[in-house]
Amino acid sequence: MPLHEDEVRVTVEQVRDLLAEQCPQWSELPVTALPAELEGTDHALFRVGDALVARMPKIAWAVDRAGSDARWLPVLASHLPARVPVPLHVGEPGAGYPWRWTVVPWFAGHTPARLGCDDVPLSHQLAAFVRALHRIDPGGGPSKPPGARGAALIHADEGVRQVLPRLAQHDDGFDVAAAEAAWNTCLAAPDWDRDPVWIHGDLQPGNLITNGNGLAAVIDFGAPGVGDPAPDVAPALWTFTGAARDAYRDAVGYDDATWRRACGWALAPSLTGIDYYRHTFPRMAEHGRRMVRAVIAELA
């Protein structure tokens with residue numbers, strides 16, 4: 001089932017044709033669609049041989065990612081303690097597929113539990129990655145636009161207010177009035193008033209690759225840019241549980257105002273995601289419910 005009404009689905013045959021036309025050096029490699037559970041919300045993924053992945057946007061809001069990743073991930077990669085998917089090729093539309101796409105390295109390993117993990121060593125490793133990312137000179141980096149993670153939290157307010165009445169019609173295991181009160185607490189936090197920092201913005205479990213040595217790679221930046229660090233503090237909630245949650249928050253090291261904004265960046269996409277993905281992506285909706293409950297408990 002498609003996740004989005006206006007989703008564009010690319011086929012294995014189209015990917016093969018695009019590679020043959022634009023990347024003849026890889027045209028003889030086998031192409032295999034990754035299982036749907038390994039896809040994110042905005043790209044379809046195809047293994048190309050053993051060492052590569054074709055990332056194909058499947059929704060219009062992701063069409064700028066190819067160019068953004070190609071421009072900025074090479075700038076960031078050498079400063080970071082884990083690998084990131086620097087594009088090896090930026091493809092052009094063709095074979096009936098309408099958008100730019102990329103070929104990136106395949107990082108072998110595993111992702112943490114999708115609904116959160118109590119892994120203290122991993123929390124320290126991810127915090128070290130975030131601290132290194134936030135120390136990179138932001139000069140020249142693209143500012144996060146209104147509504148994007150890293151911009152002012154107030155830009156998410158309209159979407160939250162619109163979805164609250166719809167959520168009140170369902171039993172999602174939390175009090176909608178308590179969720180609204182928590183959201184108001186997040187909005188009341190002072191805005192980030194220091195220099196912007198480079199942020200990832202979507203450090204969900206599915207975007208972390210681990211191996212026997214811990215954190216091996218961090219993928220799917222979702223448009224690198226500079227802004228408020230709060231979205232990169234939010235993994236304390238959406239990626240970790242138990243002692244690992246506290247360890248990450250302490251290790252990443254921001255003030256209470258940033259923590260409240262981080263709670264907001266855990267809460268807003270969770271509230272809207274429960275409604276949006278209720279029938280098409282149940283795992284994402286369930287993750288949202290858990291995040292809402294966690295933020296309510298944190299701010300009560």
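Each residue takes its place number in the sequence, starting with 1.
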Note to self: Classify the ring geometry of Tyr254 against Trp192: parallel below 30°, tilted from 30° to 60°, perpendicular beyond 60°.
What the structure shows: perpendicular
Checklist line | side-chain hydrogen bond (donor to acceptor under 3.5 Å, both in side chains) involving Arg289 - partner list, sequence neighbours excluded | finding: Asp172, Glu286
Next item on the list: Using atom types as modelled and distance alone, determine if a side-chain donor or acceptor of His200 lies under 3.5 Å from a backbone N or O of Asp202.
Entry: yes
Note to self: Surrounding CG of Asp50 (heavy atoms of other residues, nucleotides or ligands, distance under 6.0 Å), is the total greater than 12?
What the structure shows: no
Margin query: Keeping Gln125 on the side-chain end and Gly214 on the backbone end, is there a donor-acceptor pair under 3.5 Å?
Written below: no
Next item on the list: Salt-bridge test for Asp256 and Arg260: reply yes if a basic N is under 4.0 Å from a carboxylate O, no otherwise.
Entry: no
Notebook entry, point to check: Do Arg261 and Thr258 have side-chain N/O donor and acceptor atoms under 3.5 Å apart?
Noted result: yes
Notebook entry, point to check: Would you say Asp118's side chain and Ala244's backbone share a donor-acceptor pair under 3.5 angstrom?
Noted result: yes
Item checked: For Ala178, side chain to side chain contact (heavy atoms under 4.5 Å, CB included) partners two or more places apart -> Asp175, Ile296
Note to self: For Phe107, give me all partners under side chain to side chain contact (heavy atoms under 4.5 Å, CB included), at least two apart in sequence or on another chain.
What the structure shows: Arg83, Pro85, Pro105, Ile209, Ala217, Ile219
Notebook entry, point to check: Mind checking whether Trp198 and Trp72 have parallel, tilted or perpendicular rings, split at 30° and 60°?
Noted result: tilted
Notebook entry, point to check: So, the side chain of Asp232 versus the backbone of Ile199: is there a donor-acceptor pair under 3.5 Å, distance only?
Noted result: no
Margin query: Evaluate Asp255 against Arg194 for salt bridge (Lys or Arg N to Asp or Glu O under 4.0 Å), listing each step before the verdict.
Written below: CA-CA 12 Å; Asp255 59 14; Arg194 283 163 272 174; 3.0 Å; yes
Notebook entry, point to check: Is Gln14 reaching over with its side chain to a backbone N or O of Thr11, donor-acceptor style, under 3.5 angstrom?
Noted result: yes
Item checked: Polar contact flag, side-chain donor to acceptor under 3.5 angstrom, Trp101-Glu92 -> no
Notebook entry, point to check: So, Tyr277 versus His287: side-chain donor-acceptor pair below 3.5 Å or not?
Noted result: no
Next item on the list: Keeping the roles fixed (side chain from Arg47, backbone from Val53), state whether a donor-acceptor pair exists under 3.5 Å.
Entry: no
Checklist line | Trp265 ring center near Trp238 ring center (under 6.0 Å) | finding: no
Notebook entry, point to check: Would Met284 and Thr41 count as a side chain to side chain contact (heavy atoms under 4.5 Å, CB included) if you check the C-alpha gap in whole Å, the side-chain angles of each, and the deciding distance to 0.1 Å?
Noted result: CA-CA 9 Å; Met284 183 69 77; Thr41 57; 3.5 Å; yes
Margin query: Regarding Glu298 and Arg249, does a basic nitrogen lie under 4.0 Å from an acidic carboxylate oxygen?
Written below: yes
Next item on the list: State whether the side chain of Arg245 and the backbone N or O of Leu237 hold a donor-acceptor pair below 3.5 Å, judged by distance alone.
Entry: yes
Notebook entry, point to check: Under 3.5 Å, side chain of Ser68 to main-chain N/O of Arg65, donor-acceptor pair present?
Noted result: no
Check: Counting only heavy atoms not in Gln25, do more than 12 sit closer than 6.0 Å to its CD atom?
Finding: yes
Notebook entry, point to check: Should Lys144 and Asp228 count as an ion pair when the cut-off is N to O under 4.0 Å?
Noted result: no
Note to self: I'd like to know if the side chain of Asn211 pairs up with that of His110 as donor and acceptor (distance under 3.5 Å, no hydrogens or angles considered).
What the structure shows: no
Margin query: Can a donor-acceptor pair be found, under 3.5 Å and without considering hydrogens, that links the side chain of Thr239 to the backbone of Gly116?
Written below: no
Item checked: Minimum-distance pair of heavy atoms, taken over all atoms of Arg149 and Pro269 -> NH2-CB, 3.5 Å
Check: Do the side chain of Glu7 and the main chain of Ile59 share a donor and acceptor less than 3.5 angstrom apart?
Finding: no
